[in-house]
Amino acid sequence: MTDNMITGAEALMRSLEHEGVKTLFGYPGGSIMPVFDALYDHRDTLNHILVRHEQGATHAAQGFARSSGKVGVCLVTSGPGATNTITGIADAMIDSTPIVVIAGQVGTGFLGTDAFQEVDLVGITQPITKWSYQIRRAEDVAWAVARAFYIAQSGRPGPVVLDFAKNAQVEKVAYTPAKVDFVRSYLPVPEMNMEAIKQAAQLINEAERPLVLAGQGVELGNAQAELRAFIEKADLPVGRTLLGLSALPTDHPLNKGMLGMYGNLGPNVNTNNCDVLIAVGMRFDDRVTGNLATYAKQAKIIHFDIDPAEIDKNVKTDLAVLGDCKQTLAAVTELLKPATHKAWIESFTPYEQQEKTAVIDRELHPEGDELSMGEVVRAVSEATQNEAILVTDVGQNQMMSARYFKFTKERSIVTSGGLGTMGFGLPAAIGATFGRPDRTVCVFMGDGGLQMNIQELGTIMEQQAPVKMILLNNNYLGNVRQWQAMFFGGRYSFTPMMNPDYMQIAAAYNIPSRRVMKREELADAIQEMLATDGPFLLEACIMEEGNVLPMTPPGGSVNQMLLEC
């Protein structure tokens with residue numbers, strides 16, 4: 001045996017370093033112990049963040065990836081350690097987030113015997129990953145890691161799982177770094193079709209009422225500048241999806257607001273008034289389209305996307321422009337004629353004024369003494385000069401944050417879109433502080449979502465992660481309560497919450513905190529939070545039965561939004 005022979009566990013460490021990994025999130029256990037033993041000698045180069053639950057590791061990796069644009073990495077054990085990652089893997093798949101989950105597995109001699117903490121992780125995760133692979137030999141480690149990172153971050157990003165058998169962790173191998181930049185039958189970026197480019201430009205040049213729908217694909221493709229050049233040359237108004245909110249600054253004159261069930265009135269109504277609908281890096285999710293039978297039937301639909309599987313999946317398109325939107329947008333922009341659509345853009349104004357009067361003014365300047373969700377969100381945003389990264393949990397806190405937080409920088413929203421995972425916010429915010437340590441990270445949570453992964457306060461305590469936590473506490477599972485109020489006759493079935501004293505919980509974790517119940521205390525409390533080095537928990541006690549409006553009722557059309565309950 002030669003001197004360059006190392007264990008499979010050590011080969012994993014060197015492979016991660018070869019991929020440029022500097023941060024990973026994990027939790028040790030029996031079947032991954034040789035890897036953690038190898039990690040002990042790499043603590044100067046690989047910063048392992050010990051989470052308190054494996055689901056927290058996946059969400060932290062997601063927050064890291066979404067804020068930084070890099071691949072997030074998790075390291076967990078087999079059995080329950082591996083199955084605890086499933087929610088985060090599924091969340092990453094539907095939201096196109098590049099993470100690599102490395103899980104321990106029993107030795108190959110025990111596979112299929114129902115050995116202690118054995119589970120068929122590859123079988124479980126194949127439907128919710130881009131690639132799931134079991135490493136059975138030490139000699140396959142370098143190749144498998146290189147392939148995993150290539151697949152996770154190329155094309156439409158997504159999660160990859162490596163199931164690492166224990167015998168492969170301890171076997172010896174002559175390590176050589178591997179590079180993978182091609183996988184047979186895998187075409188991450190379709191070739192750009194110049195005929196489609198020309199047809200798209202012609203449709204847009206001839207349009208009188210064009211509308212762009214910008215999704216997260218703009219951010220994933222780093223095409224923010226290309227989007228701006230595209231819309232500014234042809235004077236194209238833009239609606240943004242939830243995950244695409246920071247692809248365009250909030251105050252850009254062509255930004256007409258958020259699409260979707262809880263979005264802004266103008267872009268939703270005018271979806272059914274435009275003559276050319278231009279979707280860029282978005283998948284026509286049901287929360288955006290509402291009733292498909294009435295969605296944009298009057299419009300020619302152009303769909304820019306990197307994933308052919310999204311074309312015609314939900315909405316029948318007239319023209320597909322496949323490829324990397326950083327390239328395809330630039331190519332179409334070259335062929336666009338400078339244009340103005342003054343009358344069409346002005347048609348958004350009455351809807352904006354209607355929503356401002358009926359909803360926004362009431363939310364930002366509520367009557368009475370009780371705080372509203374929207375005013376807390378806007379106050380935090382403005383106190384950060386609208387430059388913070390917004391992380392949210394799921395529910396009313398998520399929709400209110402998306403509506404009232406303002407964005408000036410790219411990659412500034414981290415939220416669970418497609419899966420809607422309560423408990424996402426707190427660990428994702430931890431990951432975001434490691435992904436972008438140069439930026440302020442503010443996470444908004446409800447009292448329900450916070451308690452789903454509240455154990456990650458331990459991770460924050462240990463790491464002193466500078467997460468600014470804003471708890472919007474209304475003592476309800478607020479989004480479900482809103483639906484019960486609107487569609488179930490006010491029958492609040494198991495949505496009222498009996499809550500603990502969050503100030504005492506924060507104190508137990510040695511995290512500074514403050515509770516705000518009065519409007520006149522809010523600004524000072526926010527300044528205290530932002531001025532505090534490290535983490536801070538701000539509990540805002542808000543009105544218990546506040547609602548997120550406007551709202552498209554379930555099964556309704558996008559132009560039938562409710563402005564009141």
Side-chain angles (χ1 to χ4, degrees), residues 250-251 360-393 395-409 412-413 425-426 429-430 432-433 436-447 449-450 454 457 460-461 464-476 478 499-546 548:
T250 302
D251 62 358
I360 296 174
D361 286 346
R362 294 180 181 182
E363 184 66 32
L364 294 181
H365 308 287
E367 298 178 356
D369 298 329
E370 292 182 298
L371 289 166
S372 73
M373 288 180 275
E375 70 173 315
V376 175
V377 171
R378 179 59 59 84
V380 172
S381 179
E382 291 179 346
T384 67
Q385 288 74 54
N386 305 316
E387 294 182 346
I389 292 177
L390 168 67
V391 184
T392 84
D393 208 83
Q396 286 185 319
N397 66 90
Q398 177 185 36
M399 293 298 104
M400 283 296 195
S401 299
R403 285 181 54 82
Y404 294 101
F405 209 83
K406 292 185 176 182
F407 302 96
T408 58
K409 295 186 174 182
S412 291
I413 182 166
L426 191 62
I430 296 170
T433 64
R436 288 302 301 269
D438 57 320
R439 297 186 62 185
T440 300
V441 175
C442 296
V443 55
F444 288 85
M445 302 170 286
D447 40 314
L450 169 58
I454 197 169
L457 290 173
I460 291 175
M461 173 185 66
Q464 280 300 291
V467 181
K468 308 305 180 185
M469 298 166 274
I470 303 94
L471 170 61
L472 301 176
N473 188 358
N474 58 8
N475 297 304
Y476 274 103
N499 281 309
D501 186 332
Y502 292 106
M503 300 297 97
Q504 291 192 47
I505 291 176
Y509 285 100
N510 199 29
I511 294 173
S513 64
R514 183 167 171 179
R515 178 182 290 126
V516 174
M517 303 183 72
K518 297 179 180 179
R519 184 163 294 109
E520 55 268 25
E521 301 172 342
L522 181 60
D524 182 66
I526 292 171
Q527 288 303 321
E528 180 184 350
M529 174 182 71
L530 296 176
T532 300
D533 290 334
F536 192 98
L537 174 63
L538 173 60
E539 179 184 4
C541 299
I542 57 173
M543 58 182 71
E544 291 196 343
E545 298 194 22
V548 186

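In what follows, every heavy atom counts, from backbone to side chain, and hydrogens, waters and symmetry copies are set aside.
- The minimum heavy-atom distance linking E363 with G374 is given by the pair OE2-N, 2.7 Å.
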Practice problem: Quick one: do L450 and L426 satisfy side-chain contact (heavy atoms from CB on, under 4.5 Å)? Show the steps, please. | Solution: CA-CA 7 Å; L450 169 58; L426 191 62; 4.0 Å; yes
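- For the pair V377 and S401, the tightest heavy-atom approach, listed with the atom from each and the gap, is CG1-CA, 3.7 Å.
- The minimum heavy-atom distance linking M461 with Q464 is given by the pair O-NE2, 3.2 Å.
- For the atom pair K468 NZ and L537 CG, the distance stands at 11.5 Å (nearest 0.5 Å).
- Side chains of R519 and P366 form a contact here, defined as non-hydrogen atoms less than 4.5 Å apart.
- Note that CD1 of I511 and CG of L457 are 4.5 Å apart. Values are rounded to the nearest 0.5 Å.
- Contact check for T433 versus I460: no side-chain heavy atoms found under the 4.5 Å cut-off.
- Residue V441 comes nearest to A429 through the heavy atom pair CG1-O, 3.9 Å, listed as atom of the first residue, atom of the second, then distance.
- For the pair T250 (side chain) and F407 (backbone), a donor-acceptor distance under 3.5 Å is present.
- In this structure, I360 CD1 and R378 CZ are separated by 7.5 Å, a value rounded to the nearest 0.5 Å.
- Of the listed residues (K406, R439, R436), just one forms a side-chain hydrogen bond (donor to acceptor under 3.5 Å, both in side chains) with S412, and that residue is R439.
- Of the residues listed (N475, N474, N473), the one engaging E544 in a side-chain hydrogen bond (donor to acceptor under 3.5 Å, both in side chains) is N475, and it is the only one.
- For CD of E367, the number of neighbouring non-hydrogen atoms (other residues, nucleotides, ligands) closer than 6.0 Å is 12 at most.
- R514 and E521 are not joined by a salt bridge, as no carboxylate oxygen comes within less than 4.0 angstrom of a charged side-chain nitrogen.
- Listed for the E370 side chain is no donor-acceptor partner under 3.5 Å among the backbone atoms of G546.
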Self-check item: Verdict with reasoning, R515 to C541, per side-chain contact (heavy atoms from CB on, under 4.5 Å)
Solution: CA-CA 7 Å; R515 178 182 290 126; C541 299; 3.8 Å; yes
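- For the atom pair CE of M529 and CG of D524, the computed distance is 11.5 Å after rounding to the nearest 0.5 Å.
- Atom CG of N510 sits in a sparse spot, with 12 or fewer heavy atoms from other residues, nucleotides or ligands closer than 6.0 Å.
- Counting non-hydrogen atoms of neighbouring residues, nucleotides and ligands closer than 6.0 angstrom, the CE atom of M543 exceeds 12 such neighbours.
- Minimum heavy-atom separation, V391 to G425: CG1-O, 3.5 Å.
- Residue D501 qualifies as enclosed at atom CG: its count of foreign heavy atoms under 6.0 Å is above 12.
- Contact between L390 and A402 at its shortest, heavy atoms only, is CD2-N, 4.4 Å.
- Contact check for I413 versus F405: no side-chain heavy atoms found under the 4.5 Å cut-off.
- In this structure, CG on N397 lies 9.0 Å from CG on L471, to the nearest 0.5 angstrom.
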Quiz prompt | Check against side-chain contact (heavy atoms from CB on, under 4.5 Å), Y404 and E375 | solution = CA-CA 8 Å; Y404 294 101; E375 70 173 315; over 6 Å; no
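- When the shell of 6.0 Å around CG of D369 is examined, it contains 12 or fewer heavy atoms from other residues, nucleotides or ligands.
- For the 3.5 Å distance criterion, the side chains of T408 and E387 fail to qualify, holding no donor opposite an acceptor.
- Here the CE atom belonging to M373 is positioned 12.5 Å from the CD atom belonging to Q398, to the nearest 0.5 angstrom.
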Exercise. Verify side-chain contact (heavy atoms from CB on, under 4.5 Å) between L472 and Q396, making sure each step is shown before the conclusion.
Key: CA-CA 9 Å; L472 301 176; Q396 286 185 319; over 6 Å; no
